[in-house]
Every structure is written in structure tokens, then in C-alpha cells.
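As C-alpha cells, the structure follows; a few thoughts come after it.
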Amino acid sequence: MNLSILIPLLNEEESLQELYTWIIKVMQENRYSYEIIFLDDGSSDKSWSIIQGFAIENTHVKGIRFMKNFGKSQALHAGFAKAQGDVIITMDADLQDSPEEIPGLYEMITKQNFDLVSGWKKKRYDSVVAKNLPSKLFNWAARKTSGVELNDFNCGLKAYRNVVVKNIEVSGEMHRYIPVLAKNAGFGKIGEKVVQHQARKYGETKFGMERFINGFLDLITIWFLSRFGKRPMHLFGAIGSLMFIIGFLLAGYIGFSKLYHMYNNMRYSLVTNNPWFYIALTTMVLGTQLFLAGFLGEIILRTKNNEERYKISKEINFL
């Protein structure tokens, strides 16, 4: 199978028919073998009924419905697990991503041997203050922190080799950072393609300003996980040990200084009257806590239970 088209959605009943017709047109024009997987993230409108109609009409259409809204990352995780195509394309359901970009993305994966190609909405039709400027700042921070040179981490239109999506773990709100996850998994050939961005035709965006705040927090998380996710003791244990040693040496110096003054009949004060004693004690306590945090992190990492982070209520056309 040439292509798996993954479409996560939430309450997009107005745009689904037009999007479906457009994708089918592109598939037929290019004679692709394909599957379209709609990932309904707990829609409360008629989206699922419409998807069911597509699936009855066309056996290449498949659907997964969550019991409630679990988030885009969880929807993509479910889709990646089911996708069978040699190339996987992800795109949003709001018609802001153009299906006409699919052949170009497919060619970059199959003929230019990219592992992953991310769309770049160079010209956007979103609000400058509410979306464009925060997005530019977010993308700059993501580039500097991750080392992945992409201009648009937020673009939902991406293409992957099948082996990539089968070897990355998308959780939380990490869908923005799939290129970073792919790089950390060893897939180094990551490209970018300028794609057409269209103004939203129906409804309103499901994402507010909070997504940028969450995005920066997730960026910190993924930076930490990429460096210490498999070895938390290397960070917490090292810092904790260093702090404990500094505190211990400082406390030892204070105690030795008092004994020295006592032995030589010099004036001295109680150790507890010395503010440096409390600094040393606090440093030792914090160092011990950090060391234990690293130790517990190692135990959790080795005993964690990889249980599902979402619940699927219905599936269509999956064998």
C-alpha cells in the first residue's frame, strides 16, 4: 500500500465531506493504493456518522472513535499503530491543509529518501497577534532547544516513512515534536516542504493561546527526556552528590574550625550560631533528595507499565 492518510479531528462535521472528496480526487489522479484513517477524538457533533457513511461507501476509509476527547497526540498514536502504508501522511480536518500537497510529500519520502518531511506554512492566514507571532517565537525556541532545523513545528501536514511512526512514542501533547522524537530515535534525514495554507472555512479553531504555553512546557520536557529520559540518575544523582559533598565539606570545615579554636583557647561560638552551618545542612538535605529522586526515577523507568492512555469505543473497516 502506497499511502496511509491519518486525519485526527474533533467536531469537524462541516468540512469532512469536502475534505474526503478532495482526498479521493488526489488519490485517483495519482493512482495511489491508499487507506484513509479518520481519528475521531470524541466528537459531540455528527462527525462520526459522516465517517461511517464514508466507510460504507468506500472500504479504503477506516475510522477510530475515542470514548471522549483524549487529545491529538493520543489520536495520532492510535493511527500510527494501525497505519499500513509505506508512507504515512498526517493532516488536519479543517481544510487548512491542502490534499494537493500529498504527491509532493510522497515523492520526497520515496524518491529523495527522507525519513520525515514536515510542512511549512510560510504564508499564513491566521491572526498575526494571536497566532503568527507566538508561533514564530515558539518555532525559534524549538529550533534552538532541539537542534532540528524546521521553520514550522506546528504544521499538521507531515509525511513519514512507515518505520518512523512504528518506532516513536507520541504521548501527552508531544505531537508538535514528532520530528524531535524521530531524531532522538535515530532518524536523521528530516526535511521540510513549503505548503499552501488556507484560511479556515468552517467553524472555529479548537486551539487557543494556551497551546503555546503548553508547547513551551512540553519543549522543556522533551529536552530533558532526550538527554536524561533513559538515565535520570546521571542528572539528579550527579547534582545531588555534588551538593551533598559541598555541604558535607562546609559542615566539616565549620566543625574543624570550632575544635581548632577550642584547642588553642581562642574565642569561639556555637556551631548553631553560625549561619553557614544551616546553609551546609540545607545543601546536604537537598543533595540527598536529588540523589533519591534520581534513584527512584531509575526504579520507575525499569518497572513502568505501558498501559493505554486512551479508550477506543468504535472502529470501522479494520480487520
Side-chain angles (χ1 to χ4, degrees), residues 1-10 12 16 19-20 23 27 32-43 47-48 51-52 54-55 58-93 97 102 105-106 109-110 114-119 155-187 190 218 221-222 225-226 229-230 301 304-319:
M1 184 184 297
N2 298 135
L3 282 165
S4 293
I5 313 296
L6 270 55
I7 306 172
L9 62 107
L10 175 64
E12 297 287 359
L16 286 178
L19 177 64
Y20 168 72
I23 292 174
M27 296 298 103
Y32 292 135
S33 57
Y34 68 94
E35 63 180 359
I36 304 172
I37 304 177
F38 288 97
L39 305 161
D40 186 352
D41 188 20
S43 294
S47 294
W48 184 248
I51 294 168
Q52 287 179 311
F54 296 157
N58 183 351
T59 57
H60 296 294
V61 175
K62 303 175 182 180
I64 296 175
R65 187 183 193 188
F66 285 175
M67 294 183 71
K68 66 173 186 176
N69 177 229
F70 285 97
K72 187 174 182 179
S73 291
Q74 279 58 248
L76 288 176
H77 183 276
F80 288 159
K82 295 285 190 180
Q84 299 178 356
D86 297 328
V87 176
I88 286 81
I89 303 284
T90 61
M91 63 190 306
D92 294 334
D97 295 333
I102 292 175
L105 292 169
Y106 179 77
I109 297 292
T110 56
F114 282 99
D115 295 317
L116 184 158
V117 179
S118 180
C155 182
L157 186 58
K158 290 182 173 67
Y160 314 82
R161 286 198 296 123
N162 185 286
V163 67
V164 174
V165 303
K166 301 301 184 183
N167 286 280
I168 57 175
E169 186 74 13
V170 187
S171 60
E173 292 295 321
M174 295 300 181
H175 58 272
R176 305 175 184 87
Y177 302 112
I178 292 178
V180 183
L181 297 174
K183 178 188 174 185
N184 292 340
F187 300 102
I190 298 173
D218 290 337
T221 300
I222 204 168
L225 291 177
S226 66
K230 300 296 183 183
L301 191 64
K304 68 177 181 177
N305 181 16
N306 290 318
E307 61 184 23
E308 290 293 331
R309 299 175 300 274
Y310 48 85
K311 300 295 181 183
I312 295 173
S313 66
K314 295 180 182 178
E315 293 184 352
I316 303 175
N317 282 348
F318 288 103
L319 299 178

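Just the heavy atoms: all of them, side chains too, but no hydrogens, waters or symmetry mates, feed the values below.
- Annotation: side chain of I178 is not in contact with side chain of T90 (no heavy-atom distance under 4.5 Å).
- Annotation: the span from L105 atom CG to T110 atom OG1 amounts to 10.5 Å, rounded to 0.5 Å.
- The CG atom of N317 lies 6.5 Å from the OG1 atom of T59; values are rounded to the nearest 0.5 Å.
- Here D86 contributes atom CG and M1 contributes atom CE; the two are 9.0 Å apart, rounded to the nearest 0.5 Å.
- N162 places a side-chain N or O within donor-acceptor distance of the main-chain N or O of G85, the cut-off being under 3.5 Å.
- Ring to ring, F187 and Y160 are not that close: their centroids are 6.0 angstrom or more apart.
- Shown here for S43 and L9, the closest heavy-atom pair between the two residues is OG-CD1, 3.7 Å.
- Formation of a donor-acceptor pair under 3.5 Å by the D97 side chain with backbone atoms of D92 is found in this model.
- Using a 4.5 Å heavy-atom cutoff, the side chains of I23 and M91 are in contact.
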Is there a side-chain contact (heavy atoms from CB on, under 4.5 Å) between F114 and V164? Walk through the geometry before answering. CA-CA 11 Å; F114 282 99; V164 174; over 6 Å; no
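- With a 4.5 Å cut-off on side-chain heavy atoms, K158 and V165 do not count as touching.
- Taking the ring centre of F80 as origin, the terminal cationic atom of K82 falls outside the region bounded by 6.0 Å and 45° from the ring axis.
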Assess the residue pair K183 and L116 against the criterion (side-chain contact (heavy atoms from CB on, under 4.5 Å)); give the C-alpha distance rounded to whole Å, side-chain angles, the decisive distance to 0.1 Å, and a yes or no. CA-CA 10 Å; K183 178 188 174 185; L116 184 158; over 6 Å; no
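- Looking at K311, its side chain never comes within 3.5 Å of a backbone N or O of F66 through a donor-acceptor pair.
- Of the possible donor and acceptor atoms, none in the side chain of S73 sits under 3.5 Å from a partner among the backbone N and O of V170.
- The shortest heavy-atom contact between I168 and A185 is CG2-CB, 4.2 Å.
- Across A93 and L16, no two heavy atoms sit closer than the pair CB-CD2, 4.3 Å.
- For K314, there are no salt bridge (charged side-chain N to carboxylate O under 4.0 Å, His left out) partners two or more places apart in sequence or in a different chain.
- The side-chain heavy atoms of V61 and Y20, taken from C-beta on, include a pair separated by under 4.5 Å.
- Taking the salt bridge (charged side-chain N to carboxylate O under 4.0 Å, His left out) definition, one finds that K62 meets it with E35, sequence neighbours left out.
- The two residues L6 and A83 have their closest heavy-atom pair at CD1-CB, 4.2 Å.
- Once rounded to the nearest 0.5 Å, the distance linking CD1 of I36 with CG of L19 reads 8.0 Å.
- The two residues S4 and Q84 come nearest to each other via the heavy atoms OG-N, 3.3 Å.
- Residues D41 and Y310 fail the side-chain proximity criterion, which asks for heavy atoms closer than 4.5 Å.
- Taking 4.5 Å as the limit, every side-chain heavy atom of N2 sits out of range of all side-chain heavy atoms of V87.
- Taking CD1 from I109 and CG from D115, the interatomic distance works out to 7.0 Å, rounded to the nearest 0.5 Å.
- Residue I5 holds its CD1 atom at 4.0 Å from CD1 of I102, rounded to the nearest 0.5 Å.
- Across every non-hydrogen atom of P8 and L76, the tightest pair is CG-CD2, 4.0 Å.
- Enclosure of atom CE in M67 is not indicated, since only 12 or fewer non-hydrogen atoms of other residues, nucleotides or ligands lie within 6.0 angstrom.
- When side chains are defined from C-beta on, I64 counts as touching L39, because their heavy atoms get closer than 4.5 Å.
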